[in-house]
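Okay, so here's the structure we're looking at.
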Amino acid sequence: MVDTAELGESVLVPQPEGNLHVITRGAAGTPVLLLSGAGVDNAALSWRHALPALAAEHRVFALDWPKQGGSRPWNGTADHDRMLGCVTAVLDHFGLEQAALVGLSQGGAITLGYAVEHPERVSRLVALAPAGVISFPPVVHQLLWVTARWSLLNRTLPSLVFRSRAACAWFARRGLFAGGHVDDFDAIVDEYHADVLRNGAGSSDWQNGSIGFRRMRVDLRPDLPRIACPALFIQGSGDAGVDPEHTRAAARAVPGARFELIEGAGHWANRQEPGRVNALIADFLRPLPEKMGS
């Protein structure tokens, strides 16, 4: 497991399939649970800058999804329902009746899904470039379905390709950051590449399971109007994976939700523009007097 001591305390949450690894930081304030994306991602990669920034005012918990980071080994499939169960397991382990959820991409989908299924446990939510609110045209959808079901395409080939640091750097520049400037780009690529060498690369169980042959199996859009807590959607304008209009439409569907576009940022806006993104999240989570009296 990667040493994350500089980011906070590591806690293992026992589960039947293995342990969930959680980084905790901050001694006071309302609880915030950070949920990272899919593929080669983990709590440390996604939330390296958010953990210290948010811990100034909150108790912060950053979860490694099953088969990511320190949540290895994991003997089972981490599909949509199981991922929702992981959130409940973390909240229960730390004795949290309610928390704010902040999720990126795959984590954004789980954030939205959890607010639908367990509204009493979500105080407010932030969804960054969320999955689960996207559809694809025919043929493209079927190609994704084939990829999701063939391990050669979704695991073997990505693991081989990204053993090259240059390939990781190219993908980060074009796929995660849309070619924009990133202050700590080399450090991110080094960490990303090291994870590939240790654990391989590929799509997650959630990604593979969310795609049906004809339509998405995980499509949260019909349920978004049921979300009752305050919600903030954050989206990079140059995101190569999630069209900003999908996120904007999702925000419109959630009653009273706020939408923020980060100009020039890609999919990983929280790493490309950490100052701007963390300030938006911190302000949204802060209990302003008028919010406290509402």
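A quick note: this is a predicted structure, and the numbers were derived from the prediction, not measured. If you read the sequence from its start, that first residue is 1, and numbering goes on from there.
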> Is Glu6 salt-bridged to Arg25, cutoff N-O under 4.0 Å?
Replying inline: no
> Do the side chains of Asn270 and Ile281 get nearer than 4.5 Å, heavy atoms only?
Replying inline: no
>> Going by side-chain hydrogen bond (donor to acceptor under 3.5 Å, both in side chains), name the residues that satisfy it together with Arg59, two or more places apart in sequence or in a different chain.
In response: none
>> Checking Gln272 now: which residues fulfil side-chain contact (heavy atoms from CB on, under 4.5 Å) with it, not counting sequence neighbours?
In response: Phe177, Val182, Ala265
> Is there side-chain contact between Phe136 and Met216, with at least one heavy-atom pair below 4.5 Å?
Replying inline: yes
> Which pairs with one or both residues in residues 105-115 pass side-chain hydrogen bond (donor to acceptor under 3.5 Å, both in side chains), sequence neighbours excluded?
Replying inline: Thr88-Tyr114, Ser105-His267, Gln106-Ser204
>> Between Arg248 and Asp243, is the salt bridge (Lys or Arg N to Asp or Glu O under 4.0 Å) condition met? List the steps.
In response: CA-CA 9 Å; Arg248 193 187 299 273; Asp243 189 320; over 6 Å; no
> Looking at Ala148 and Asn154, what are the two nearest heavy atoms and their distance?
Replying inline: O-ND2, 3.0 Å
> Under 3.5 Å, is there a donor-acceptor pair between the Asp184 and His49 side chains?
Replying inline: yes
> Can you name the residues that form a side-chain hydrogen bond (donor to acceptor under 3.5 Å, both in side chains) with Arg226, not counting sequence neighbours?
Replying inline: Asp223
>> Looking only at the side chains, is there a donor atom on one of His21 and Ser71 sitting less than 3.5 Å from an acceptor on the other?
In response: no
> When you look at CZ of Arg174, are more than 12 heavy atoms from neighbouring residues, nucleotides or ligands closer to it than 6.0 Å?
Replying inline: no
> Who are the salt bridge (charged side-chain N to carboxylate O under 4.0 Å, His left out) partners of Asp183, not counting sequence neighbours?
Replying inline: none
> Under the 6.0 Å and 45° cation-pi test, does Arg124 pair with Phe284?
Replying inline: yes
>> Apply side chain to side chain contact (heavy atoms under 4.5 Å, CB included) to residues Ile188 and Trp268 and explain how you reach the verdict.
In response: CA-CA 11 Å; Ile188 292 171; Trp268 226 352; 3.9 Å; yes
> With distance as the sole test, does Arg121 use its side chain to make a donor-acceptor pair with the main-chain N or O of Glu97 at under 3.5 Å?
Replying inline: yes
> Do Ser36 and Leu104 touch side chain to side chain, with heavy atoms closer than 4.5 Å?
Replying inline: no
Anything under 3.5 Å between a donor and an acceptor, one on a side chain of residues 77-87, the other on a protein residue two or more places apart or in another chain? List them.
{"residue": "Asp79", "atom": "OD1", "partner": "Arg82", "partner atom": "N", "Å": "3.0"}
{"residue": "His80", "atom": "ND1", "partner": "Trp206", "partner atom": "NE1", "Å": "2.9"}
{"residue": "Arg82", "atom": "NE", "partner": "Glu17", "partner atom": "OE2", "Å": "2.7"}
{"residue": "Arg82", "atom": "NH2", "partner": "Gln15", "partner atom": "OE1", "Å": "2.9"}
{"residue": "Arg82", "atom": "NH2", "partner": "Glu17", "partner atom": "OE1", "Å": "3.0"}

> Is the Phe162 ring parallel, tilted or perpendicular to the Tyr192 ring (thresholds 30°, 60°)?
Replying inline: perpendicular
> What's the shortest heavy-atom distance between Ser123 and Cys229, and which atoms?
Replying inline: O-CB, 3.5 Å
